[in-house]
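Residue numbering restarts at 1 for every chain, and letters A, B, ... go by the order of the sequence lines. These figures come from a predicted structure and were not determined experimentally.
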There are 2 protein chains.
Amino acid sequence: MHYQNLINIITDALPTLNKSESKVAKAILADPESATRSSIASLAKKAEVSEPSVNRFCKRFDTAGFPDFKIKLAKSLVAGVRFVNRNVDANDTVESYTPKIFDSTINDLALVRDSISHDVINDVVDQLIQAKRIYFFGLGTSGAVARDAENKFFRFNLPVSFHDDVLMMRMLASTGAAGDVFFVISHTGRTKEIIDIAKIASNNGAMVVALTTPASPLAAMSSIALEVDVPENTDEYMAMTSRIVHLVILDVLATGFTLRRGPDFLPHLAKIKNSLKPTRYQKDS
Amino acid sequence: MHYQNLINIITDALPTLNKSESKVAKAILADPESATRSSIASLAKKAEVSEPSVNRFCKRFDTAGFPDFKIKLAKSLVAGVRFVNRNVDANDTVESYTPKIFDSTINDLALVRDSISHDVINDVVDQLIQAKRIYFFGLGTSGAVARDAENKFFRFNLPVSFHDDVLMMRMLASTGAAGDVFFVISHTGRTKEIIDIAKIASNNGAMVVALTTPASPLAAMSSIALEVDVPENTDEYMAMTSRIVHLVILDVLATGFTLRRGPDFLPHLAKIKNSLKPTRYQKDS
DNA sequence: CAACATTACGTAATTTAATAACGTATTATT
DNA sequence: AATAATACGTTATTAAATTACGTAATGTTG
C-alpha cells in the first residue's frame, strides 16, 4: 500500500530515460505542482515533445495514464516538498516560515519512512528484547533524544538509563559486558568522544546500536547501525530535523518492543500510565 | 496556499447540500480513495445522479472541475488519515507498523501546521526577544523537549536554562520577575506541580508562556498559550506525538527569533557551530 | 392558492483531453 | 552495411468532461 514518492522515483530513473522521456521528466521536476494542474497538451508543449510521449512517460512509471499520473504526483507533493524551495530566508514572515519548517520536517520524515530498513529495525528490536540492560547515550541535541528514549523504555520493566556526561559514559562503557546494549545516538556519527566510548563498550563484548548517519565512523564501528540519511542543513535558519526523525525511530522501536512482548505485557504499561493520574487535575467533562 | 482537508470540508458542508449534491457527497465519503480513481461517469452512476450534477458539486467546492477535484481529494487523502485506519494492532509486522507510526506523526504535524495561530507565534517571539532570561520547564517527556529547547536557545546569547526538577523550578519561579520568561511545556496542561509553579512565576510579574493543550488549566492561567491540539492516544501501542509537535514549534520559534534578530546575528550562530568542529572526525572527501 | 420566480437537475450537444494505431526516423547490433 | 529494434511524431479515434438548454420541482408573493 505504501507508495514511494513519485518525485524520487523519477529522479532516480532520470539517467535511464531516453531523450524525450527525460525532457518530460525535467519539465515535471522543474515545477511538479504546476504539472498536476496542466493538461497533457500543455505539458507536452512545455517539455517540447509530443503528447503521446508524455503518455508513454506516464505509463513507464506504473500509472494507468496521464490523469492517473497526475493524481499520484499530487499525492507525492503533499508530503514531499523536496523539489519545492522551502528554505527560510530573511524575507519570510510568520505565515511563510511556519509552514516551511513544518513541511521540511514532514518531508524528512516521509523520506526516512520510505527508505529505512525494516530488517535493521527488526534486528535492533531483537537486541533490545534480549538486553539485560540498556544505556542511551547522546550529547547536545542527541542528549535530549536519549533522555526521551529513557523515558519511553523504562516502562518496559528493565534497567534503562540515559547519559549525556562523557565521563559517566566512559565509566559505564568500561564496565560493559555481553547482555548490555549501548544505544548511541549521534547525528553526525563523528564525535570523537562518543566513538571512543562506543569502542570501549564494544571491546568489552557489549552490543553497540548506533542511531546515526550512514557511512559515518560511528556507523562503521557499531554492532548494528540504524542509518538515517537526513540532508545536512547548510542553511543558517533551518532547524535540525534529524533529532525529530530519531525520536520517531525510537517510537518505532518501542512499538516493535511492545508487540514482541505480546498482549500479556499491556497491563504493565497501563499501570504506569495510571500512576500519573493523581498528579493531574482531572477533566470535569 | 494551505488547503484545509477536502474531506472535512465536504463533511462540514453536508447539511447545506441539496438532494443530488448530498448523494454525490455520500458516494465520495463512502470511499474517497476509489473516487480519486473513477471517471465522472462512474461516480455519477454510483451516486445515482447525472454527470453534470457531479460537475456542479465539484465547482461548489472551489475546484475547476472534476479532474481538479480528484487531485485535491487525492491530496487530502495523503495527509488525512481520518478515514484510513492507521492504528497499530497486535497483528502488525515491522513492514506495517513502521509506516503507521511515521504517518501518524506526519499527520499530526500537518494538522497543527494548518491550525496553529501565527499571531500567537508572533507574540511569543516578541516576548522571547524582549526576555532578559528564559527558563524552559518540563517534566517527563516534556523534560526532554525543554532540554532540547535550551540547547537551541542558548545559542541566542542570552541566559537560558532548562529544568526538570520541581524543587528547582519552584525556587526559580519564586525569584521570577518582569523580564523573565518561563516557558512551560506540558502535554496535558494538568500537572498540578507545574501549574503551581507557573502561578508562582506569574504572581511575581514574570511572563508565563505555555506550550500545551487548549482548554487546559495551564493554558488558562498562562500569559500566552501556544495551544496544540493533538488527539490523545488511547491506543496502547501508539506513541505520543505531541512532544514531536512541541519540538517543531520550538524550531519555529527559534527561526522567528533568528529572523527578528536580523542578519547581523548570523556570524554569532556560525561561531557556535564552528566551535564543535575540533570534537569531530572530519569527512575525508 | 394561483401566478410567478427561483432553484435543482437531467438530456443532449459540444468541446476538450487522452489514448491508440501507425509509420518514419534514429540508433543499436551483427 | 544490412537488419533489427527502439524512439518518437502525426493522424485518427475514443473517452471524458463541460456547456447549453429545457423541464420539473420547490419556494414566494399577492
Side-chain angles (χ1 to χ4, degrees), chain A residues 6 9-77, chain B residues 6 9-77:
Chain A
L6 237 193
I9 294 175
I10 294 172
T11 312
D12 290 350
L14 252 174
T16 73
L17 298 176
N18 41 36
K19 221 184 301 171
S20 63
E21 281 173 337
S22 80
K23 277 190 198 169
V24 177
K26 279 167 193 160
I28 291 169
L29 292 177
D31 188 355
E33 168 63 30
S34 91
T36 64
R37 279 180 280 108
S38 50
S39 68
I40 196 168
S42 62
L43 184 61
K45 196 177 167 192
K46 191 181 167 200
E48 298 180 305
V49 299
S50 69
E51 298 182 23
S53 287
V54 175
N55 196 265
R56 280 188 286 260
F57 174 89
C58 296
K59 288 188 173 167
R60 171 158 230 164
F61 290 98
D62 281 322
T63 61
F66 185 69
D68 186 43
F69 177 87
K70 278 200 294 188
I71 284 172
K72 297 219 167 97
L73 180 63
K75 283 184 170 180
S76 302
L77 288 176
Chain B
L6 237 193
I9 295 174
I10 294 173
T11 310
D12 290 350
L14 213 46
T16 73
L17 300 175
N18 42 35
K19 223 184 299 171
S20 63
E21 281 174 336
S22 79
K23 278 190 199 169
V24 177
K26 279 167 193 160
I28 291 168
L29 293 177
D31 188 354
E33 169 62 30
S34 92
T36 64
R37 278 180 280 107
S38 49
S39 69
I40 196 168
S42 61
L43 184 60
K45 196 177 167 192
K46 192 183 165 199
E48 298 181 304
V49 297
S50 69
E51 297 181 24
S53 286
V54 175
N55 194 265
R56 280 188 287 259
F57 174 90
C58 296
K59 288 188 172 165
R60 171 159 230 162
F61 289 97
D62 281 322
T63 62
F66 185 68
D68 185 43
F69 177 88
K70 279 202 292 190
I71 284 171
K72 297 220 166 98
L73 181 63
K75 283 184 170 179
S76 301
L77 289 175

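Note on B/Asn18: every side-chain N or O is 4.0 Å or more away from OP1 and OP2 of C/dT7. Between D/dA7 and A/Ser53, no contact under 4.0 Å exists linking OP1 or OP2 to a side-chain N or O. Between A/Lys59 and C/dA20 there is a side-chain N or O to OP1 or OP2 distance below 4.0 Å. Between D/dA17 and B/Asn55, no contact under 4.0 Å exists linking OP1 or OP2 to a side-chain N or O.
The separation between A/Lys45 atom NZ and C/dA18 atom C1' is 18 Å, rounded to whole Å. Rounded to an integer number of Å, the gap from B/Glu48 CD to C/dG10 P is 11 Å. One can place CZ of B/Arg56 at 11 Å from P of D/dT19, the figure rounded to the nearest angstrom. The interatomic distance linking B/Phe57 (CZ) with D/dT18 (P) rounds to 14 Å, in whole Å. A/Ile71 has its CD1 atom 13 Å from the C1' atom of D/dA16, to the nearest Å. Distance CG (A/Asp68) to C1' (D/dA15): 16 Å, rounded to an integer number of Å. Rounded to an integer number of Å, the gap from B/Ile40 CD1 to D/dT19 P is 10 Å. Put simply, CD on A/Glu51 is 15 Å from C1' on C/dA21, counting in whole angstrom units.
A salt bridge links A/Arg60 to A/Glu21: one of the charged nitrogens lies within less than 4.0 Å of a carboxylate oxygen. Between A/Glu33 and A/Lys70 there is no salt bridge, since no side-chain N of the basic residue sits under 4.0 Å from a carboxylate O of the acidic one.
As judged by a 4.0 angstrom heavy-atom cut-off over every strand, A/Lys23 is placed among residues making no nucleic acid contact. Base engagement by A/Pro52 is indicated by at least one non-hydrogen atom pair under 4.0 Å involving a base atom.
The aromatic rings of A/Phe61 and A/Phe57 are tilted relative to each other, their planes meeting at an angle between 30° and 60°.
Listed candidates were C/dG10, C/dC9, C/dA18. Nearest to the side chain of B/Val49 is C/dG10. Listed nucleotides C/dT11, D/dT18, C/dT19 differ in distance to B/Ser50; the shortest reach to its side chain belongs to C/dT11.
Nearest-nucleotide mapping onto DNA chain D: of B/Lys19 and B/Ala41, the residue sitting toward the 5' end is B/Ala41.
Separation of atoms CD (B/Glu48) and OG (B/Ser53) is listed at 12.5 Å; rounding is to 0.5 Å.
Within a 6.0 Å radius of CG in B/Asn18, more than 12 heavy atoms belonging to other residues, nucleotides or ligands are found.
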